[in-house]
Amino acid sequence: MTIAVGDPLPDAVLTMMDGSAQSLASRKGRALVLYFYPKDDTPGCTKQAQGFSDLAGDFSALDVDILGVSKDTPAKHAKFAAKHDLNIVLATDDGSVLETFGAWVEKSLYGRKYMGIDRSTFLFDADGTLVREWRKVRVPGHVEAVLEAARSLR
């Protein structure tokens, strides 16, 4: 069973860039943009992270935190963030949170099937309730659409 609009922020644990563990449920009190992306330092993932980073101040002014998640290691996240001067938080998942959100899916490339991360974004209000979700995200214009939805939380 995957999370759906109206569901609470699950009590799932991610590994932060500094190696510490953090429960998603502990993030209640501020709205949260939680986005899943396939891989650090690839063109689409870099553009998406840069987009969220560029508008991080606008999200922060709305009391909205941004958390990007992939299966890359904390060290790789730190290198990616430093290389592109990102000012958003990135976290690592072992796959369990991806499953909870339905973001670990079967993909196909040149006829070969494999499991991978579906680029998807979830917006939680300050009470920790899922208010909006975007699946199979296309990067152009996406960050702006999420910011507009975050504005509607006020």
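Within the structure, no pair that satisfies the side chain to side chain donor-acceptor pair (under 3.5 Å) test touches residues 105-115, not counting sequence neighbours. The salt bridge (Lys or Arg N to Asp or Glu O under 4.0 Å) contacts involving residues 43-60 comprise nothing, where partners must be two or more places apart or lie in separate chains. Pairs engaging residues 19-35 under the salt bridge (Lys or Arg N to Asp or Glu O under 4.0 Å) rule: Arg27-Asp65, Arg30-Asp63, Arg30-Asp65 [sequence neighbours left out]. Within the structure, side chain to side chain donor-acceptor pair (under 3.5 Å) pairs that include any residue of residues 133-153 comprise Thr121-His142, Glu133-Arg135, Glu148-Arg151 (at least two apart or interchain).
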Handout entry: Step-by-step side-chain contact (heavy atoms from CB on, under 4.5 Å) determination, Val131 to Val5
Key = CA-CA 5 Å; Val131 294; Val5 171; 5.6 Å; no

Practice task
Dump the intermediate steps for side-chain hydrogen bond (donor to acceptor under 3.5 Å, both in side chains) on Asp127 and Thr129, then the final yes or no.
Solution key: CA-CA 6 Å; Asp127 294 328; Thr129 301; 5.7 Å; no

Problem - Ser70/Asp93 under side-chain contact (heavy atoms from CB on, under 4.5 Å): CA gap, chis, key distance, verdict - result: CA-CA 6 Å; Ser70 78; Asp93 178 40; over 6 Å; no

Practice task
Would you check, one step at a time, whether the test side-chain contact (heavy atoms from CB on, under 4.5 Å) holds for Val33 with Phe59?
Solution key: CA-CA 9 Å; Val33 170; Phe59 281 98; 3.9 Å; yes

Practice task
Give the C-alpha distance, both sets of side-chain angles, the deciding distance and a yes or no for side-chain contact (heavy atoms from CB on, under 4.5 Å) between Val69 and Leu14.
Solution key: CA-CA 8 Å; Val69 180; Leu14 295 169; 3.7 Å; yes

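Atom-to-atom distance recorded for Tyr35:OH and Ile66:CD1 is 8.0 Å, nearest 0.5 angstrom. To the nearest 0.5 Å, atom OG1 of residue Thr92 and atom CG of residue Leu90 are 8.5 Å apart. From Asn87, atom CG reaches atom OG of Ser53 across 3.0 Å, with rounding to the nearest 0.5 Å. Separating the CD1 atom in Ile117 from the SG atom in Cys45 is a distance of 8.0 Å, to the nearest 0.5 Å. Once rounded to the nearest 0.5 Å, the distance linking CG of Leu130 with CG of Leu9 reads 9.0 Å. Interatomic distance, Leu24 CG to Leu32 CG, rounded to the nearest 0.5 Å: 7.0 Å.
Trp104 is not listed as a side-chain neighbour of Asp118, based on a closest heavy-atom distance of 4.5 Å or more. Proximity of Gln50 to Asp85: side-chain heavy atoms (C-beta onward) are nowhere separated by under 4.5 Å. Between Gln48 and Val137, the closest side-chain pair of non-hydrogen atoms falls below 4.5 Å.
Judged purely by distance below 3.5 Å, without hydrogens or angles, the side chains of Asp94 and Ser96 pair a donor atom with an acceptor atom.
Side-chain heavy atoms closer than 4.5 Å link hydrophobic residues (I, L, V, M, F, W, Y) into clusters, and following such links, even through other members, never connects Phe124 to Phe52. In the hydrophobic clustering of this structure, Leu55 groups with Ile88; members are Ile, Leu, Val, Met, Phe, Trp, Tyr whose side-chain heavy atoms approach within less than 4.5 Å, directly or through other members. Linking ILVMFWY side-chain heavy atoms closer than 4.5 Å, directly or via other members, places Leu123 and Leu62 in a single hydrophobic cluster. Cluster membership for Tyr37 and Val97, using ILVMFWY side-chain heavy atoms within less than 4.5 angstrom, is not shared.
In plain terms, the two heavy atoms of Asp72 and Pro38 that are nearest each other are OD2-O, 4.5 Å.
For the ring-ring contact (aromatic ring centres under 6.0 Å, His included) test, residues two or more places apart in sequence or in another chain that qualify with Phe101 are Phe36, Phe122. Applying the side-chain contact (heavy atoms from CB on, under 4.5 Å) criterion to Lys79, with sequence neighbours excluded, gives no partner residue.
Within 6.0 Å of NZ in Lys39 there are 12 or fewer heavy atoms belonging to other residues, nucleotides or ligands.
The backbone N or O of Leu98 sits nowhere less than 3.5 Å from a side-chain atom of Thr100 that would complete a donor-acceptor pair. Within the 3.5 Å criterion, the main-chain N or O of Gly44 finds no donor-acceptor partner in the side chain of Thr42.
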